[in-house]
Peer 1: 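This structure is in structure tokens; I'll ask about it shortly.
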Amino acid sequence: MIKRVVIIACIAVVVITGLAVAGFGWLMFGDHSHFETGLAKSKYLPPTAHDINIYTNPNITGWFVCDFSMNEEDFKKLAEKQGWNPREIKEPEKILTAKSVHDGTHKEHKLKNGLYYSKRAPNGGGVTVGYDRDNHRGYIEQSSR
């Protein structure tokens with residue numbers, strides 16, 4: 001009788017541990033992404049931003065990618081508030097768009113005329129931002145990875 005109880009208890013511990021590990025893995029590494037396009041406003045951006053596309057994935061990567069229409073002066077104010085120091089683009093730079101991340105293509109938008117800032121950690125985490133003067137759009141790609 002005691003032997004049977006011990007066996008059942010051991011099986012229960014193994015099952016519960018397995019479920020806990022699986023749940024933890026799903027929370028950390030699962031796809032919890034969310035994509036919105038054509039937004040008029042966003043809690044992440046100043047009220048002057050519009051035509052906003054946002055991709056977020058709050059898993060372990062903490063990925064946030066957005067692109068939006070805004071005038072350059074407002075973009076500079078946003079950059080200053082966030083502690084970014086964008087510089088004039090001298091050579092073309094590339095930055096991801098929310099739609100390309102959502103679609104899985106990860107096609108980068110080429111910035112030729114505008115502002116650019118990037119601060120990345122060795123693991124890929126950090127932030128990259130850009131402003132394209134030709135289409136009056138700002139871009140943000142941020143990850144905690």
Peer 1: In terms of the angle between their ring planes, are His106 and Trp63 parallel, tilted or perpendicular, with boundaries placed at 30° and 60°?
Peer 2: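 Answer is parallel, since the angle falls under 30°.
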
Peer 1: Give a yes or no on whether Tyr116 and Tyr131 share a hydrophobic cluster (residues Ile, Leu, Val, Met, Phe, Trp, Tyr; joining criterion: side-chain heavy atoms under 4.5 Å apart).
Peer 2: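 Cluster IDs for Tyr116 and Tyr131 differ.
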
Peer 1: Backbone N or O of His109 within a donor-acceptor pair of the Tyr139 side chain at under 3.5 Å?
Peer 2: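 Not at all, since once roles are kept as given, no pair shorter than 3.5 Å links the two residues.
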
Peer 1: If you look at every heavy atom in Asp51 and Gly38, which pair is closest and at what distance?
Peer 2: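 For Asp51 versus Gly38, the nearest heavy atoms are OD1-CA, 4.0 Å.
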
Peer 1: Between Ser42 and Ile52, which heavy-atom pair has the shortest distance, and what is it?
Peer 2: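 Taking Ser42 first and Ile52 second, the nearest heavy atoms are N-CD1, 3.8 Å.
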
Peer 1: Is the shortest distance from a Lys or Arg side-chain nitrogen in Lys76 or Glu72 to a carboxylate oxygen in the other one below 4.0 Å?
Peer 2: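 The answer is yes: the pair qualifies as a salt bridge.
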
Peer 1: Could you give the distance from OG1 (Thr37) to CG (Asn53), rounded to the nearest 0.5 Å?
Peer 2: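 Here the rounded value is 3.5 Å.
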
Peer 1: Is the shortest heavy-atom distance from the side chain of Lys99 to the side chain of Tyr55 under 4.5 Å?
Peer 2: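 Not in contact.
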
Peer 1: Return yes when atom CD of Glu108 has more than 12 non-hydrogen atoms of other residues, nucleotides or ligands closer than 6.0 Å, and no otherwise.
Peer 2: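 Buried by this count: over 12 neighbours within 6.0 Å.
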
Peer 1: Between CD of Glu36 and NE2 of His102, what distance do you get to the nearest 0.5 Å?
Peer 2: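 Result: 11.0 Å between the selected atoms.
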
Peer 1: Using a 3.5 Å distance criterion without hydrogens, assess whether the side chain of Ser100 forms a donor-acceptor pair with backbone atoms of Lys107.
Peer 2: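 Yes; judged by distance alone, with no hydrogens or angles, the pair exists.
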
Peer 1: Which distance, rounded to the nearest 0.5 Å, do you find between the NZ of Lys112 and the CG of Asp132?
Peer 2: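 Here the interatomic distance stands at 9.5 Å.
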
Peer 1: Out of curiosity, Thr48 OG1 to Phe75 CZ, how far, rounded to the nearest 0.5 Å?
Peer 2: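 One gets 11.5 Å once the value is rounded to the nearest 0.5 Å.
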
Peer 1: So how far is it from Leu96 CG to Ser143 OG, rounded to the nearest 0.5 Å?
Peer 2: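 Taking CG in Leu96 and OG in Ser143, the distance rounds to 10.5 Å.
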
Peer 1: Closest approach of Leu111 and Leu115, non-hydrogen atoms and distance?
Peer 2: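 Heavy atoms only, the tightest pair is CD1-O, 4.3 Å.
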
Peer 1: Can the ring centres of Tyr44 and Phe64 be said to be less than 6.0 Å apart?
Peer 2: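 Between Tyr44 and Phe64, the centre distance is under 6.0 Å.
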
Peer 1: Check this for me: does any side-chain nitrogen of one of Glu141 and Arg120 sit under 4.0 Å from a carboxylate oxygen of the other?
Peer 2: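 Answer for the salt bridge query: yes.
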
Peer 1: Could you tell me whether Glu91 atom CD has more than 12 heavy atoms of other residues or ligands within 6.0 Å of it?
Peer 2: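 For Glu91, atom CD is not crowded (no more than 12 foreign heavy atoms under 6.0 Å).
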
Peer 1: OG/Ser118 to CZ/Arg87 distance, rounded to the nearest 0.5 angstrom?
Peer 2: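 Going from the OG atom of Ser118 to the CZ atom of Arg87 covers 9.0 Å.
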
Peer 1: Could you tell me which non-hydrogen atom of Phe68 sits nearest to which non-hydrogen atom of Ala49, and how far apart they are?
Peer 2: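 Minimum heavy-atom contact is CD1-CB, 4.1 Å.
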
Peer 1: Give the minimum heavy-atom separation between Arg137 and Asp67, together with the two atoms involved.
Peer 2: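 Reported closest heavy-atom pair: NH2-OD2, 2.7 Å.
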
Peer 1: Quick one, Phe35 and Val101 - any side-chain contact, counting heavy atoms below 4.5 Å?
Peer 2: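 A side-chain contact under 4.5 Å is absent here.
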
Peer 1: Stepwise, does the side-chain contact (heavy atoms from CB on, under 4.5 Å) test hold for Tyr117 with Val127?
Peer 2: CA-CA 8 Å; Tyr117 171 82; Val127 64; 3.9 Å; yes

Peer 1: Let me check something: do Ile89 and Met70 share a hydrophobic cluster, defined by ILVMFWY side-chain heavy atoms less than 4.5 Å apart, either directly or through other members?
Peer 2: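 They do not share one cluster, since no chain of ILVMFWY contacts under 4.5 Å joins Ile89 to Met70.
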
Peer 1: Taking all atoms of both residues into account, what is the closest heavy-atom pair of Val65 and Thr97, and its distance?
Peer 2: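 Smallest interatomic distance, heavy atoms only, reads CG1-C, 3.6 Å.
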
